[in-house]
Amino acid sequence: MRQAGRYMKEYREVRERVSFIELCKNPELAAEVALQPLDVLGVDAAILFSDILLILEAMGAPLEFGEDGPRFDSPVRDAAAVERLRVPDPAEALPFVFETIRILRRELAGRAPLIGFAGAPFTLASYLVEGGTSKNFLELKRLMFTEPAVLHAMLEKITLATIEYLKAQAEAGAQALQLFDTWAGILGPGDYREFALEYTKRITDSLRGSGVPLILFLKGSAGLLDEIKEAGVDVVGLDWKQDIGAARARLGPGLAVQGNLDPCALYQPPERIRESVRRIIERAGGAPGHIFNLGHGILPDTPVEHAIAMVEAVREFGRRGKSA
Ligand code: CP3
């Protein structure tokens, strides 16, 4: 996740010419930066370059990216504002996303699979209600506990929009789809079930027919794995705050896992990075179905050589695991 980005000089060079939103909306440039990590790091999959928040703009919530991240100047906090949100036709509202996917499939030419993605409804709602990134999510939780029907109506609309959006990504050529429910880990199991899992399941039920593998990531999922097991996905992305072996045991053999190196572990010198990678691969146990990944997005001040050292270590220890 977030494998393209400011830690790479090739990405920063492109960003000197265009803003982040312009980059997302320019298919040639978006495809170019999506391919950079494949060339520089040698990772095994490409991920569409876009952002989970663009669909909210298409639903009628003006979005800006400033110095301190994304911002919605008109947060959605009442029934009337939810009513004004529309469920867009993705081909009309986000044509650049599908064009980026088509370019990437052509340029990848089978070299690596392409992952498409969307934000899960609860996480998207968190940005709409808070108006941006938040520490404590107090506005979101206030709405959830005082006017649950308003939040449910918002989640319902986001779910409908997301189903169409992901179907269209699969049709355009995405070969796996990842749902980011980054902030759903702030919920206890009962609330997770009601305000996040139910909507995730509606999405996975609708996408099963597309035949594309589905990945679900949450930050802070350790207390929610029994619920996540029911989400209807093929792969669960794990953050670093749990033992990957214990998580696999709880999820069972039917689910693959992705993860789970702490992004800050890439601040270590390469030799220590190698050791951290080795430990995760060992803890994951060697059975098929572990996709090595970071437990969250790579940080902008990560030295690129350290990311390369991580990939090299995965190749070294992953191969050993396979032949064992
Ligand atoms: O992996 C990739 O290369 C794919 C592209 C991708 C981006 N965002 C590009 C991006 C993906 C998969 C995302 C998902 C995303 N976006 C999530 C879910 C994953 C996660 O990190 O939990 C979330 C919560 C967002 C919303 C978002 N976008 C935030 C909070 C920010 C600001 C963070 C920051 O570091 O400034 C963004 C901006 C963003 N999205 C950048 C990139 C490369 C940095 C933009 C820049 O300044 O160039």
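- Here the CZ-NZ distance, from R84 to K157, works out to 10.0 Å after rounding to the nearest 0.5 Å.
- Between the side chain of Q36 and the main chain of Y11, a donor-acceptor pair closer than 3.5 Å is present.
- In plain terms, the two heavy atoms of C24 and L54 that are nearest each other are CB-CD1, 3.7 Å.
- Taking CE of M154 as the start and CE of M59 as the end, the distance is 9.5 Å to the nearest 0.5 Å.
- Going from atom CG of D39 over to atom CE of M8 covers 8.0 Å, rounded to the nearest 0.5 Å.
- Proximity of a side-chain donor or acceptor of K219 to a complementary backbone N or O of A184 within less than 3.5 Å is not detected.
- Within 6.0 Å of CZ in R272 there are 12 or fewer heavy atoms belonging to other residues, nucleotides or ligands.
- Under a 3.5 Å cut-off, the side chain of D78 and the backbone N or O of A81 do form a donor-acceptor pair.
- With values rounded to the nearest 0.5 angstrom, L166 atom CG is found 8.5 Å from L214 atom CG.
- Here the shortest heavy-atom pairing between T204 and A231 reads OG1-O, 2.7 Å.
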Task: Test log, rule side-chain contact (heavy atoms from CB on, under 4.5 Å), inputs L179 and T200 - done: CA-CA 8 Å; L179 268 175; T200 302; 4.0 Å; yes
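- V129 has its side chain out of reach of P75: every pair of non-hydrogen atoms, C-beta onward, lies at least 4.5 Å apart.
- Nearest heavy atoms, V150 versus A79: CG1-N, 3.9 Å.
- Contact record, A31 with T100: N-CG2, 3.9 Å, taken as the closest heavy-atom pair.
- The shortest side-chain heavy-atom distance between P62 and E57 does not fall under the 4.5 Å cut-off.
- In this structure, the side chain of T123 does not engage the main chain of A120 through any donor-acceptor pair within 3.5 Å.
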TODO: Test side-chain contact (heavy atoms from CB on, under 4.5 Å) on I280 and F317 and set out the steps.
DONE: CA-CA 10 Å; I280 287 174; F317 299 115; over 6 Å; no
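- Sorted pairs that involve residues 220-271 and meet ring-ring contact (aromatic ring centres under 6.0 Å, His included), not counting sequence neighbours, are lacking altogether.
- Under a 3.5 Å cut-off, the side chain of N293 and the backbone N or O of Q258 do not form any donor-acceptor pair.
- Remark: E275 pairs with R278 by the side-chain hydrogen bond (donor to acceptor under 3.5 Å, both in side chains) rule, at least two apart or across chains.
- Enclosure of atom CD in E230 by more than 12 non-hydrogen atoms of other residues, nucleotides or ligands within 6.0 angstrom is indicated.
- The ring of F195 has its center closer than 6.0 angstrom to the ring center of H152.
- Salt-bridge formation is not detected for the pair R193/D191: no Lys NZ or Arg NE/NH1/NH2 atom is positioned less than 4.0 Å from an Asp or Glu carboxylate oxygen.
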- [ ] Given side-chain contact (heavy atoms from CB on, under 4.5 Å), test L108 with L38 step by step and report yes or no.
- [x] CA-CA 10 Å; L108 285 162; L38 273 85; 3.8 Å; yes
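- Residues V43 and V311 have side chains in contact (heavy-atom distance under 4.5 Å, counting atoms from C-beta outward).
- Put simply, L299 and L294 are part of two different groups of oily side chains (I, L, V, M, F, W, Y) that touch within less than 4.5 Å, one to the next.
- In this structure, R279 does not pair ionically with E282, as no charged nitrogen and carboxylate oxygen lie closer than 4.0 Å.
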Task: Trace of the ring pair (Phe, Tyr, Trp, His ring centres under 6.0 Å) decision for F217 with H296 - done: CA-CA 9 Å; F217 170 78; H296 200 196; 5.7 Å; yes
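- Between L261 and S276, some side-chain heavy-atom pair lies under the 4.5 Å cut-off.
- Put simply, the side chain of L207 reaches to within 4.5 Å of the side chain of I203, judged on heavy atoms.
- Taking the charged nitrogens against the carboxylate oxygens, D243 and R283 do have a contact shorter than 4.0 Å, which makes a salt bridge.
- With hydrogens and angles ignored, the 3.5 Å screen pairs no side-chain donor or acceptor of S134 with any backbone N or O of E130.
- In this structure, the side chain of Q3 engages the main chain of A45 through a donor-acceptor pair within 3.5 Å.
- For the pair R111 and D44, the salt-bridge criterion is not met [side-chain N within less than 4.0 Å of a carboxylate O].
- Side-chain contact between Y165 and P90 is present, with at least one heavy-atom pair separated by less than 4.5 Å.
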Task: Pair E22-R17, salt bridge (charged side-chain N to carboxylate O under 4.0 Å, His left out): steps then yes or no - done: CA-CA 10 Å; E22 284 165 346; R17 292 183 271 141; over 6 Å; no
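- Nearest approach of V212 to A176, heavy atoms of both residues: CG1-CA, 3.2 Å.
- Judged as a ring-ring contact (aromatic ring centres under 6.0 Å, His included), the pairs with a partner in residues 80-122 (not counting sequence neighbours) are, in order, F117-F180.
- Evaluation of the ring pair (Phe, Tyr, Trp, His ring centres under 6.0 Å) rule for F20 yields F49, F65 as partners, not counting sequence neighbours.
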Task: Working for salt bridge (charged side-chain N to carboxylate O under 4.0 Å, His left out), residues E99 and R102 - done: CA-CA 5 Å; E99 184 56 20; R102 285 188 286 268; 3.4 Å; yes
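- For the residue pair L124 and G119, the shortest heavy atom distance occurs at CD1-O, 3.5 Å.
- No side-chain donor-acceptor contact under 3.5 Å links T159 to the backbone of Y199.
- The side-chain heavy atoms of S221 and I228, taken from C-beta on, include a pair separated by under 4.5 Å.
- K25 contributes no side-chain N or O that, together with a main-chain N or O of P95, makes up a donor-acceptor pair within less than 3.5 Å.
- The shortest side-chain heavy-atom distance between Y7 and D301 does not fall under the 4.5 Å cut-off.
- Side-chain N or O atoms of T182 include none that pairs as donor or acceptor with a backbone N or O of L218 at under 3.5 Å.
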- [ ] Kindly determine whether L216 and V235 satisfy side-chain contact (heavy atoms from CB on, under 4.5 Å), including the steps that lead there.
- [x] CA-CA 6 Å; L216 174 63; V235 184; over 6 Å; no
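- Distance check: I101 CD1 to I115 CD1 gives 12.0 Å after rounding to the nearest 0.5 Å.
- Salt-bridge formation is detected for the pair R202/E156: a Lys NZ or Arg NE/NH1/NH2 atom is positioned less than 4.0 Å from an Asp or Glu carboxylate oxygen.
- Note on L138: it does not cluster hydrophobically with F145, by side-chain heavy-atom contacts below 4.5 Å among ILVMFWY residues.
- We find the CG-CG distance between L151 and L140 to be 6.0 Å, quoted to the nearest 0.5 Å.
- Through direct or relayed side-chain contacts under 4.5 Å between Ile, Leu, Val, Met, Phe, Trp and Tyr, L160 connects to V87.
- I103 and L48 fall into different hydrophobic clusters, where Ile, Leu, Val, Met, Phe, Trp and Tyr are joined by side-chain heavy atoms under 4.5 Å apart, directly or via other members.
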For residues 247-256, tabulate all N or O donor-acceptor pairs below 3.5 Å that involve a side-chain atom, not counting sequence neighbours.
from: R248; atom 1: NH1; to: A284; atom 2: O; distance (Å): 2.8
from: R248; atom 1: NH1; to: A287; atom 2: O; distance (Å): 3.3
from: R248; atom 1: NH2; to: P288; atom 2: O; distance (Å): 2.9
from: R248; atom 1: NH2; to: G289; atom 2: O; distance (Å): 3.4
from: R250; atom 1: NH1; to: A222; atom 2: O; distance (Å): 3.1

